[in-house]
Every structure is written in C-alpha cells, then in structure tokens.
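Within every chain, numbering begins at 1; the chains are lettered A, B, ... in the order of the sequence lines, protein sequences first and strands thereafter. Note that the structure is predicted; figures quoted are calculated from it, not measured. Atom set for the values below is all heavy atoms of this structure, side chains included, hydrogens, waters and symmetry mates excluded.
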Amino acid sequence: MDFIENLGSGTRAGFNKLGRGTHFLIQIFSGVISVLLRPRLLLKQMYSVGVMSFLIITISGLFVGMVLGLQGYYTLSDFGAEETLGVMVAASLVRELGPVVSALLFAGRAGSALTAEIGLMKATEQLSGMEMMAIDPVKRIVTPRFLAGLISMPLLAGLFSAVGIMGGQIVGCGLLGVDEGAYWAQMQSNIDFYDDIINGVIKSIVFGFVTSWIALFEGYDSIPTSEGVSRATTRTVVNSAFTILGLDFILTALMFGDH
Amino acid sequence: MNNRISDQDNLVSVRDLTFSRGNKKIFDDISLDFQRGKVTAIMGPSGTGKTTMLKLIGGQLFPDKGTVFVDGQNVHKLRRADLYTLRKRLGMLFQSGALLTDMSVFDNVAFPLREHTQLPESMIRTLVLMKLQAVGLRGASQLMPNELSGGMARRVALARAIALDPMMIMYDEPFTGQDPISMGVLVHLIKSLNNILGLTSIIVSHDVHDTMAIADYIYVLSGGKIVGQGSPKEIQESDSEWVQQFMTGAADGPVHFHYPAKDYIDDLMSSGKRY
C-alpha cells in the first residue's frame, strides 16, 4: 500500500512541479521585450553565462576532437579509409557531440551557478526585496539569464565543434600522418550545411532552452536554506543531463530518421 | 475597540484577518489600523507573525480570510500592475537588509531610482548621496554588501527604502544588531522621517525600550490575537498579563518560553531515535 501511496503522491508532486515550471516559463517570456529594450542587462549575463564557460568548452572540445581523431584513425585505417577521418570527426561533432557534450558541460558549469545564485537570492530575501520595490524579479533577474543561456548555448556548441575539428586535425594529420588536404576536402564535400550543421544548431538551441529553464526554475523553486539550495543545484545537473540525453534521442530520430 | 479612528485617517486597515501556515493559525480574525503620519508598532514574542503581517500588508502573502486596505485599495484584489504601482509608494526595510549582493552600496540605493525613474545620472548621484548621508553611510558608498556589518547593511537598506520618497515605510526589526550610537541615530531618523516628510511608519520589533520611545500606537500580538493595544503609556499601564509579561520579559506567564513538548524527564529517559 505504501508503494502505491508513494507512487500516487510522487506523480502528483511531479505534475504539480511541471505546472509551476510552465507558469514560470510563461512569466519569463512576458519579460523578453523589456530585456531586449535594455541590452546591457543581457550582455552582462551573457558574459557570466557564456564567456565564463569559454575555457571549459574550448579545452573539452579540443580533447574530445583529439580522441575522435585517434579512435577514428584506428578504425578507418583497418578499411584503408583514413582519408575520410575529417568527415567522421566533423559529422560526430556537429551532429552529436558538439551540442550534447557542450550542453552537459554548460549544465554543470553555468546551470549549477544559475541555480545557486537564484536560490541564494531567494534565501537572502533579495527577490522579496525586489518585489516590495515594485520590480518583478522574474523580468529583472531571471529573463536576462534565460536569454543569455539560450543565445550562448549554440555559440558554445559551435566553438566546441570547431575546436574539436582542429583537435582531430592535430592528432590525425599532425601525429598519425593523414593527408591534411584530404582531411579538409572530404569534410567540405560530405558535411551538409542544412542536414548536419543547422540540425546541430537546432539541437543546441533546444538544449540551451531546457538547461536554462531547469536551472532557473530549480533556483526559484528551491527551499530557501543551505540544504535546499544545495539539493536544487544537484537536481539542476541531474535533470538537465537526463533531459539533454533524452531529447537528443528524440531530435536525432526526427532529424536523421529518414536517412 | 479596533475602530479607533475614522477610515480616512487610516493609511492601512486590516479587517478580520485570518492567516494560517499549514495547520498553524498565525492570525485568528484580527483587525488593526495604521494611522496616517504616525508611527505604529507591532510587538510580540518571536514567532507571533509580526513579519508575516508586513508581508500581508505588502501583498506578498494572501490571507485565508479578511481584507487589507492600503490607501483605500484592497491589496489582495489589485491586479499585478496596480499592486506594483502601490508598492512604489511603500518602502520596506527587511530584517536581513536584502541588499543585492552583486552591487555596491551606491548602486543598491540607486537601484529603485534607476528602475522606476528616468532621472539623469547626475541627479541620481545627488539623491543617493543625500539618502546615504541621512543614514551616516555616505563614506561607504563604494563598499560591497559583503564588506558591511549587519547593522550597516540595514542602514543601507533603509536608505534604499526611502529612495523613492514613499508614503509609508515598513520596518522589520530595524533595531536588531545596531550599536548604541547607530541605534540612537536610527530612532531619531525614523521619528524625523515621520515628522518632517509626513510618512507613515509601521515598525515590527521586540525591542521594548526603543519602540516605546518612538511609537505613537502599539499593538501587542500573541497566539494569533491582539493581546494589547494603545499608546505607549497605555501599554505600559496595561493590566493584561500577556502585555505585562512581554514588557517585563518574565519567563513565567501566559506566553511559554518552551516550544510544546512532552515531559522533560520522560524525554530524557526514553531511548528515542538517533539524532
């Protein structure tokens, strides 16, 4: 009986939270125009959300590209097809690894920071203080961070893929002797702008949307204590990871399912 | 008993208010009036819902029953935009200060001015420095909130609360953590803001001595009810045992020091659960 009771209350709590999250998202959207009219608010958040994630994305992208170059070379050379290494590295990155891994890193680096920041603002009554000053905290604090996440994510994913392709080239061409001309030429002729690059960008926009939404909502909905904020931060990373990977499967099936 | 003056004289009227948190009734059908241009204090032991009352007046919480009128407007029936328009005319000093931690003292005080007015930066600077001078912290304008003591943070919050020249200020425990010098200045400041600018003030405090010194009218709350009300003199002379216990700080009386619990000896002797 306990199990059924827990299942029921858990499901109810889940739907309740989904409803609060959706309401929160509508509130975020209602502030978009006022934020766009004050671009400095957005730029400041793009710096802390996007620019501050630059280093982790660049270094991770480089190593992922280098590993892809190495693994790809060993597999392709068995079939005498090492000249197609560029295509393999680029396709893997722009279609999958760029959007997915950069979104996972973004959730860990920027998402957790957003949750902790908003949660602590709630715990220290800063959000209540704003409300009493007749300033909507969702419009003033949350919407700029949401838009910054939404805009930064595809840029970071693009950076991740670009650096990764260079990492693949360093290992493939520089260390393992793949012809540099073949590496780039094969990539140029086989990677399609719409099918590969644009689909990858769409994925990263979707991931940026859900990661920012989850991170900001968890912070805003957190219990205003140290433990509450800590749990909310953990939930942000875990829920973002599940959502990113689940959505990646759905988006991949929709985008590349007819090939 | 509660309609001590006509409604036009009251800036805030709380009528038949009931508010609960979970199963606990914080307010049980109480009515209070806050007269224009006066300092009204809400006093009472910890946990009696004094801060909750300020949040109900500011429209941040909704009552289970009853109404709150501020300047003739039913706060809980207002549309969001109208509530925000009303809040621009209210200042609130939070217990923690609630300063924005990513902004300097100057920017914190300038924050409501920048958000709600189109004033040029030079005028904002003048106004901010005047407000900071009033609370004695003009020299700290470039400090960040983490460089301030608790008392200083509350004084900055007060400067921010008066930045838009509100018609009413709600002070949540303004005297806590203040040294005797700052306390004296603060008491004088609250009184002079009332007298010179004609503000209405609501002070939530359990600091008996200083609150009695500046309040024109006092409500003493306990157990969800008003257990005493009147001028400081009337409160001092009250024969209510609730009021007397609070004023004298006696451990014995109708207000229990201990949170409800089972018998002390039984509790010590039982194996209990591991904490």
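The environment of NZ in B:Lys77 is sparse: at most 12 heavy-atom neighbours from other residues, nucleotides or ligands sit within 6.0 Å. By the neighbour-count criterion of 12 heavy atoms within 6.0 Å, atom CD1 of A:Ile33 is sparsely surrounded, having that number or fewer from other residues, nucleotides or ligands. Enclosure of atom CZ in A:Arg231 is not indicated, since only 12 or fewer non-hydrogen atoms of other residues, nucleotides or ligands lie within 6.0 angstrom. Environment of CZ in B:Arg138: sparse, with no more than 12 heavy atoms of neighbouring residues, nucleotides or ligands closer than 6.0 Å. The environment of CG in A:Leu245 is crowded: more than 12 heavy-atom neighbours from other residues, nucleotides or ligands sit within 6.0 Å.
Each of B:His116, B:Met170, B:Arg160, B:Arg80 has some count of heavy-atom pairs under 4.5 Å with chain A, and the biggest count is that of B:His116.
The contact list for residues 91-107 of chain B toward chain A, using heavy atoms and a distance under 4.5 Å, reads B:Met92, B:Phe94, B:Gln95, B:Ser96, B:Ala98, B:Leu99, B:Leu100, B:Thr101, B:Asp102, B:Met103 by residue number. Contacts from residues 128-145 of chain A to chain B, taken as heavy-atom pairs separated by less than 4.5 Å, involve A:Ser128, A:Gly129, A:Met130, A:Glu131, A:Met132, A:Met133, A:Ala134, A:Ile135, A:Asp136, A:Pro137, A:Arg140 in sequence order.
Residue B:Asn108 holds its CG atom at 8.0 Å from CD of A:Gln126, rounded to the nearest 0.5 Å.
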